[in-house]
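Structure first, then comments.
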Amino acid sequence: MSAWQLITAGFLLHVAWMIAVFDIYFMTTILPLSTKHNSPIPPPAKRVVYIVADGLRADKMLMLQPDGSTPAPFIRSVCEEKGSWGVSWTGMPSATRPGHVAMTAGFFEDPTSVAKDISGGAIDFDTVFAETRYTWTWDTPKFLNKVADYHPERIFSEQFPSEQKYLAGIDPKDMDSWVFDEVKKFMDQAKTDEDLRKKLDQDKLLFFLHLGGIDHAGYIVRPQSPEYLQHVAFLDRGIRHTVEMFEELFNHDGKTAYLYTSDHGMNDWGAHGDGSPDEVQCPLLVWGAGIQKAAPETRLDMFKDTISQDWGLDKWYRRDIDQRKMAGLLASMIGVPFPQNAVMPVPDEFLDIPDESRAHVLYANLKQLLDNFVAVERDIYHGLLAFKFRAYGFAVAMSMIGWFIVLVLHLLQAQMHWEDNAALSPLAQNTKNILLQCAAAFAAYGLYYRGIISICMFGFVAWLFKGKANKLDQTLWCSPSRINSFNFILICVMVLSTFILYYTAYLSNLNIRTPLLNQATSWTIFVVSLVEPTLYYFFVLWSGYLLIEVERNLTKSQPIFLPRSSSAPPANRVSSKGGAAGAKQGLNGQSFVKHHKHTRSNDILIMEPTVTENPPKMGPLMVFKLIIPGITMGCFLRVVNMVTFTSIKNCSVILMLIINAFVFVNFLWLTDVGGWTLVGESVSHYVVTQCLGAFFCLQFGISYIFTSVKV
């Protein structure tokens, strides 16, 4: 195989492996099913009022204040008297669309769902909304708004004006006030509109109130602020009033059930998306028709956490659920079919229904889960896309090992006497030593413990001082250590800037003017921060140059910046047999060689600047910024290849072997279970190494073109 064939094959394989892993671990299979399942026995409730406070912190609503008061007295009464309470545990990422999909469809979408919500992607799965007879929604999130568009004859949606959500001066309470006001208008309309009243007199109805203001309040004032608690109290009053209006509209017939929760929580900084307790704990309050009322807590040490004690609810029965179970709970509360793609059993412990009704609910839920499982299994093993990687996780690992073996065979084929150190060229000896060092680093899990790799580098420096290299080589290879001293200076600057920040804030709280020394230090740090990237890039270029010089000295080749001479034979030329055969002594004791099939190392590449009329987009600029260091180092590596008279294919194979080893180790450590930090770390390591492999193939090809052009 030629160098270009190896590079192309490596690039395609890394792309395929990247797709394979996301298909194996993080792809949610969604299939349409023809059969729907629900209990034949009508439930106690004809309608459910489903309220979601977007981003509401569970502890801020349910925890008692130091003086024993609560910001949500109405919701607190539900916990202690009217209904059931618990914690709904979200998945990751803890965001709006994943939360609402889990609560209404019964499964966690793949991580790309966050981007789908931004782009308003299509909805190809079943939800509780689509199974109801009629649904009314207010301030529906983007994906639920799509559901309403698919069923305009029975899903009626009112949307808060999106252009007002981010206007300066808008109070986050205005978003929730709009929902409460629109619900009141709806109630008033129902008193005079006969067609609307006929719809409201039927069963299997759902009313969805999405309160998005509390999420924006968390962004703006943070959950720890008094303003946030005031917003929680505002929601409590609004919900109490809304419940009273619903009871009055239906004449207190006892056929209305209520569910109040949030789609995700929020950390103290006003952010969400990760897996911290404050972000994944959502309040869950259920009360009304067919729902268990508050009961004393008789279980001891039922939960490992101390939530019940911290919130002062340890005397009342607590019912926690996985967020995905809420779809089944909503469906069973009003007797509609379970969402077809749901993957969790219904939490029947919330239901206050006869045993016969409970059995029918559980049986219908079991049939729905079984149908979904059978359909997914059939699609994986016998469907049109059965060739995909999901059923062949072992094959993916074997393909990585097979590619590794192919690269090793190519490398060994190029070195006929690999085990005979006396027959090896200096570069081949170096290559062998580097491979052995990398193997030792992998044996000690140097991938995560980078200090192991540093030990290998210290060993290489020791080899230089042992006498196998001259003083110039020793000096050159020790010079890059100055970069570490430079990094130490940067760390000191960061520590100093942090100290200045907090010290200035401390003085500001005491109404003390910022000292002149603080101001001067801040401006100095600002200037250093502007200059630092340029200096760091200079050190990178200097290290690349040192690499070239060391390799040139090891192979006793011509200096790369020596001017051309018409009286001297061309520098850096080697016979087709390689080695030192055919070499002649030239000026200053340097070695000259007769023939060379490679491009002359002292050829100059001139790049003409180009001018564009329109400003470029930021995306290409960011990509260009990221690839500049890689292309630069690739050019240095190509020059090393040229001055040491080695095959570019061998250099490519060596680096591919190292990268492939990293990829394989990360593939074995990849996981989709456990905490979000563990999952994210394993995924990020794998993605980075795969991107590194694909990018290496791409940038090495570009570097080859750049350094081979004759001008």
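- Ring planes of F499 and Y503: parallel class, angle under 30° (limits at 30 and 60°).
- With a 4.5 Å cut-off on side-chain heavy atoms, H685 and W669 do not count as touching.
- For the pair P223 and G218, the tightest heavy-atom approach, listed with the atom from each and the gap, is CD-O, 4.1 Å.
- For the pair D268 and R222, the salt-bridge criterion is not met [side-chain N within less than 4.0 Å of a carboxylate O].
- Using modelled atom types, no side-chain atom of E279 and backbone atom of G265 make a donor-acceptor pair closer than 3.5 Å.
- Looking at T689 and I659, their side chains never come closer than 4.5 Å, going by heavy atoms from C-beta outward.
- Interatomic distance, CG of L516 versus OG1 of T521, reported as 9.0 Å (0.5 Å rounding).
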Test side-chain contact (heavy atoms from CB on, under 4.5 Å) applied to D54 and M175, step by step
CA-CA 11 Å; D54 199 307; M175 299 173 62; over 6 Å; no

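- No hydrogens or angles considered: nothing links the side chains of S522 and Q519 as a donor-acceptor pair under 3.5 Å.
- Residues Q65 and L229 form a side-chain contact, since some pair of their non-hydrogen atoms from C-beta on lies under 4.5 Å apart.
- Contact of the M656 side chain with the W403 side chain is registered, since non-hydrogen atoms from C-beta on lie closer than 4.5 Å.
- Atom OG1 in T90 sits 10.5 Å away from atom NE2 in H272 (nearest 0.5 Å).
- Annotation: the span from D176 atom CG to I214 atom CD1 amounts to 7.0 Å, rounded to 0.5 Å.
- Separation of atoms NE2 (H264) and OG (S94) is listed at 7.0 Å; rounding is to 0.5 Å.
- In this structure, D215 has no salt bridge (charged side-chain N to carboxylate O under 4.0 Å, His left out) partners at least two apart in sequence or on a different chain.
- Annotation: side chain to side chain donor-acceptor pair (under 3.5 Å) contacts of N660 (sequence neighbours excluded): none.
- Taking the six-membered ring for Trp and thresholds of 30 and 60 degrees, F667 and Y686 have ring planes inclined between 30 and 60 degrees apart.
- Contact detail for A53 and L235: the closest heavy-atom pair is CB-CD1, 4.1 Å.
- How far CG of D263 is from SG of C282: 6.5 Å, rounded to the nearest 0.5 Å.
- With 3.5 Å as the limit, one finds a donor-acceptor pair spanning the side chains of Q224 and K60.
- Using a 4.5 Å heavy-atom threshold, the side chains of D278 and M266 count as separate.
- Residues L657 and F404 share a closest heavy-atom pair of O-CE1, 3.5 Å.
- Residues N267 and S276 approach most closely at CB-OG, 4.4 Å, considering heavy atoms.
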Please step through side-chain contact (heavy atoms from CB on, under 4.5 Å) for the pair L56 and Y228, ending with a clear verdict.
CA-CA 10 Å; L56 174 62; Y228 189 88; 4.1 Å; yes

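- When side chains are defined from C-beta on, W178 does not count as touching L211, because their heavy atoms never get closer than 4.5 Å.
- Side-chain contact between Q281 and D59 is absent, with no heavy atoms from C-beta onward closer than 4.5 Å.
- With contacts defined as side-chain heavy-atom distances shorter than 4.5 Å, the pair C691/V688 does not qualify.
- Annotation: the span from H231 atom NE2 to M61 atom CE amounts to 13.0 Å, rounded to 0.5 Å.
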